[in-house]
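This report refers to the structure that appears directly beneath it.
Proteins get letters first, then strands, A, B, ... in listed order; numbering begins at 1 in each. As the structure is a computational prediction, the values presented were derived from the model and not from experiment.
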Protein chains: 2
Amino acid sequence: MAKLTEIARQAGVSVSVVSRVLNGDPTVRAREETRQRVLQVAKELNYTANYAGRALRLARSKALALITPNVSSPLFDDLLAGATEAAEEADYTLLIGLADTITAGSDTLRRLVGEGRVDGFVLQRHDDLSDQALESLVANDARVVLVTSRTPGRRGSVILDDVAGARLATEHLISLGHKRIALIGGVPHSDIARRREQGYALALHEAGLRRRESMVRRMGYSPDAAARAMESLLGTDPRPTGVVVANVNGAIGALTALRRLGVDVPSEISVVAYHDEWVAEHTWPALTTVKMPYYQVGLQAVRSLIDQLGGKPAQDIVVREPKPELVLRSSTAPPKSA
Amino acid sequence: MAKLTEIARQAGVSVSVVSRVLNGDPTVRAREETRQRVLQVAKELNYTANYAGRALRLARSKALALITPNVSSPLFDDLLAGATEAAEEADYTLLIGLADTITAGSDTLRRLVGEGRVDGFVLQRHDDLSDQALESLVANDARVVLVTSRTPGRRGSVILDDVAGARLATEHLISLGHKRIALIGGVPHSDIARRREQGYALALHEAGLRRRESMVRRMGYSPDAAARAMESLLGTDPRPTGVVVANVNGAIGALTALRRLGVDVPSEISVVAYHDEWVAEHTWPALTTVKMPYYQVGLQAVRSLIDQLGGKPAQDIVVREPKPELVLRSSTAPPKSA
DNA sequence: CTTCCCTGAAAAAACGATTGCTCCAGCCCC
DNA sequence: GGGGCTGGAGCAATCGTTTTTTCAGGGAAG
């Protein structure tokens, strides 16, 4: 509530001195005694700089927006926590926006930044938004950093090490003795889905197992899609003894399908899911998962964005630390035949 | 990017005229021809008003913050969607803040509003934040509307019709023929928990059933707490044949506990949960729930807040429409003995 | 022919913070 | 004793809008 003029008046100095002292301006020329008096009065009046005044003068809002397709996921929780942390450490405010207001044609992004409400964006796109649509939306704007996805044409992204994560999940099944391991993956043309599939293939290859196209389904991450994929996998002969589901929500749908069809997990088939969240503890059976470092993605994304705003060149970051972590629960076991 | 001065220059008028025309000020005095020319130029330059300039002048940010303890719930999704809708219809921007930065001692709220970043708050508190702490935090501030909770001392809240919701859940079990119906409720001193318990009691009373204290547990909404509550209920003699769990996450924990103990749902015991979310479809068995109108809560809360900012008196609203809705799945059935 | 009022529009004053510049007094050095 | 330097601080412009005030000219009323 208090303003600079008010502090200046009470401290018996001019506003410029107050401003400089409060901002720790090294070029300030004031006696230590004066400085202390100013700080004292500011504290007494509980001064906080008016945001609009500062933003107007500096032509920067010191605010960032995190745009996401859906907020209601524990994974996003982690991402948000990391982003919040990084924003706070740089004294930025973080806004959250829902991506469904951001369609290909819309200029919501440009409007937000045009109005000067935010200085930049961290953008998590829908997995089914095409590369072209995305590029037309953000072009080569230095004020945008993509998270968990990237596009070939532009720099500025922070993604998970999906290859390592999917590989870990697959290796877990291999180490239990499984030979016929299926993958329920994402939609075909998604970069994310491709990377996870690559990790799966890599693990099989290193174990000397053949990767069969009949063991791979690419129908997306929703519970329903994964349930259908699961059903279709059960129709193959010979059946897989283990399944890697490239998303935890999908894995939940897959378990539902298995239960419906009377296939026991893990005795008849093992299921391991990519991504961990609390509900995995409460499925039947409890899901073995691979936990990915989302917090770190949020953290790095915001830091990287702030760097970009400061003029540094855009980077493409793959978060490798902390490493993907296997969370062992009850949905995986050695195959029956073993 | 374009500014008023730029438009004024290109249209050959003064900035004041441009401002008035663009804001549709009825007191503007300009020839229709001039007006059109201004609008034309503004459109060509793709003008959007600079936010900081406007905020500084008007001493209002036209932004609201929605503060929540956790963002990662489908329930919050609904709330957010409603709040977003209402904010947009009034041309406000909506920020989302995590409540864990808002502890009793903190002045985050005051700082946000002191800086002029937001004009007001919609606050969803932790169920375990005490009334006193809350009141000290928001005092009688006209810029705050509480959602899903309220405190005795102040006005300005929007809550669900918890009584009706809990009653509907209980009545469902009664209509199936259950006589011994337990409640797994929230923590003892929460207003929300009390209202849900009241709905439960009301339904029992109307059906002429006795409400037994031994059938009520008040340990909170977390899956673990509810699991412990469930175990303890199984120890009573005679056992309940049906349970109302006052929160869907708790119900998931309760199901886990029942599975662990080898109690079949619904043949040995029926479970109905308060609140609906997608994962209820995928539990084992799929949970019967009562769906509450969260969207409407978000909508009304923001509208009410904007009204308050406009000087209207604060209200306490109970959202009764749309009515609580029973979502029938597989976790409830008539009791064995019936 | 004044006097008034109306129309159409420009000028100017905020809003609060930041920052380059100017001003002044005292002191040192030559 | 004058020039230059330094410490201490104030002045004033500026950011982009909104809004109050002012102003010029013309037409109508008296």
Side-chain angles (χ1 to χ4, degrees), chain A residues 1-39 41-42 45-63 91 93 111-119, chain B residues 1-39 41-42 45-63 91 111-117 119:
Chain A
M1 292 310 216
K3 329 183 259 179
L4 281 188
T5 50
E6 180 62 18
I7 297 181
R9 206 178 51 74
Q10 291 204 27
V13 296
S14 73
V15 285
S16 41
V17 172
V18 178
S19 171
R20 292 174 141 95
V21 167
L22 260 34
N23 289 325
D25 184 336
T27 74
V28 68
R29 298 206 302 205
R31 261 172 309 197
E32 179 57 19
E33 174 199 319
T34 310
R35 224 175 61 76
Q36 289 303 334
R37 186 155 31 96
V38 168
L39 289 174
V41 174
L45 296 183
N46 201 2
Y47 174 77
T48 51
N50 178 283
Y51 169 68
R54 177 174 280 167
L56 181 57
R57 178 65 228 258
L58 301 179
R60 289 183 318 144
S61 64
K62 282 279 229 168
D91 207 26
T93 297
R111 238 176 47 98
L112 273 172
V113 73
E115 286 175 331
R117 254 179 220 272
V118 303
D119 297 334
Chain B
M1 291 314 215
K3 327 184 262 182
L4 281 188
T5 50
E6 181 63 18
I7 298 181
R9 206 179 52 73
Q10 292 202 26
V13 295
S14 72
V15 286
S16 41
V17 172
V18 178
S19 172
R20 294 174 122 90
V21 166
L22 260 34
N23 288 326
D25 183 336
T27 74
V28 68
R29 296 204 304 204
R31 264 173 306 197
E32 179 58 21
E33 173 200 318
T34 310
R35 223 176 62 78
Q36 290 303 335
R37 186 154 32 95
V38 168
L39 289 174
V41 174
L45 295 183
N46 200 5
Y47 174 78
T48 52
N50 177 283
Y51 169 67
R54 176 173 282 169
L56 181 57
R57 178 66 230 251
L58 300 179
R60 289 183 318 143
S61 64
K62 282 278 228 170
D91 207 27
R111 239 176 47 97
L112 274 172
V113 73
E115 287 175 330
R117 250 178 222 274
D119 297 333

Exercise for review: Mind checking B:Thr5 for me? I need base, sugar-phosphate or nothing, with any heavy atom below 4.0 Å counting as a touch.
Suggested key: nothing
Check your understanding: In whole Å, what is the span from the CZ atom of A:Arg54 to the C1' atom of D:dG16?
Key -> 18 Å
Check your understanding: Using a cut-off of 4.0 Å on non-hydrogen atoms, how would the nucleic acid contact of A:Ala49 be classed: base, sugar-phosphate, or nothing?
Key -> sugar-phosphate
Revision key, fill the gap. Among the nucleotides D:dA9, C:dA9, C:dG16, whichever has the atom closest to the side chain of B:Leu56 is C:dG16
**Study point:** Rounded interatomic separation in angstrom, taking CD from A:Glu6 and P from C:dC15
**Key:** 13 Å
Revision key, fill the gap. Heavy-atom closest pair (B:Val113 atom, B:Asp119 atom, distance to 0.1 Å) is CG2-O, 4.2 Å
Practice item. Give B:Asn23 one of three labels, base, sugar-phosphate or nothing, depending on what nucleic acid heavy atoms sit under 4.0 Å from its own. Key: sugar-phosphate
Check your understanding: Looking at residues at least two apart in the chain, or sitting in another chain, which of them share a side chain to side chain donor-acceptor pair (under 3.5 Å) with A:Thr34?
Key -> none
Point to revise | For B:Ala55, all residues meeting side chain to side chain contact (heavy atoms under 4.5 Å, CB included), sequence neighbours excluded | key: A:Ala52
Exercise for review: Specify the separation, in whole Å, of atom CG of B:Leu22 and atom P of D:dT17.
Suggested key: 9 Å
Point to revise | Nearest-Å distance for atom pair CZ/C1', residues B:Arg117 and C:dA17 | key: 14 Å
Review point. Quick one: is B:Tyr47 getting a side-chain N or O under 4.0 Å of the D:dT17 phosphate, OP1 or OP2?
Key: yes
Under 3.5 Å, which protein N or O atoms sit close to an N or O of nucleotides 20-22 of chain C? Give each pair with its distance.
| unit_1 | atom_1 | unit_2 | atom_2 | d |
| --- | --- | --- | --- | --- |
| C:dG20 | N7 | A:Arg20 | NH2 | 3.0 |
| C:dG20 | O6 | A:Arg20 | NH1 | 3.1 |

Study note, to complete from the structure: To the nearest angstrom, the CG-C1' distance between B:Asn50 and D:dT14 comes to 13 Å
Check your understanding: Rounding to a whole Å, what distance do you find between A:Leu58:CG and D:dG16:P?
Key -> 12 Å
Check your understanding: The side chain of B:Ala30 lies closest to which of these nucleotides: C:dA10, D:dG10, C:dA9?
Key -> C:dA9
Revision key, fill the gap. B:Arg9 CZ to D:dG16 P, in whole Å, measures 14 Å
Study note, to complete from the structure: In whole angstroms, the gap separating C1' of D:dG8 from CD of A:Glu32 amounts to 14 Å
Review point. On DNA chain C, nearest-nucleotide positions of B:Thr34 versus B:Val15: which is more 5'?
Key: B:Thr34
Review point. What distance separates A:Asp91 CG from A:Lys62 NZ, expressed to the nearest 0.5 Å?
Key: 5.0 Å
Exercise for review: Could I get the full list of side chain to side chain donor-acceptor pair (under 3.5 Å) partners for B:Glu33, not counting sequence neighbours?
Suggested key: none
Review point. With sequence neighbours excluded, what pairs up with A:Arg54 under the salt bridge (Lys or Arg N to Asp or Glu O under 4.0 Å) test?
Key: none
Practice item. Please determine, for the side chain of B:Arg31, which listed nucleotide (D:dG10, D:dT19, C:dG8) has the closest atom? Key: C:dG8
Revision key, fill the gap. Here the salt bridge (charged side-chain N to carboxylate O under 4.0 Å, His left out) pairs for residues 5-17 of chain A, sequence neighbours left out, are A:Glu6-A:Arg9
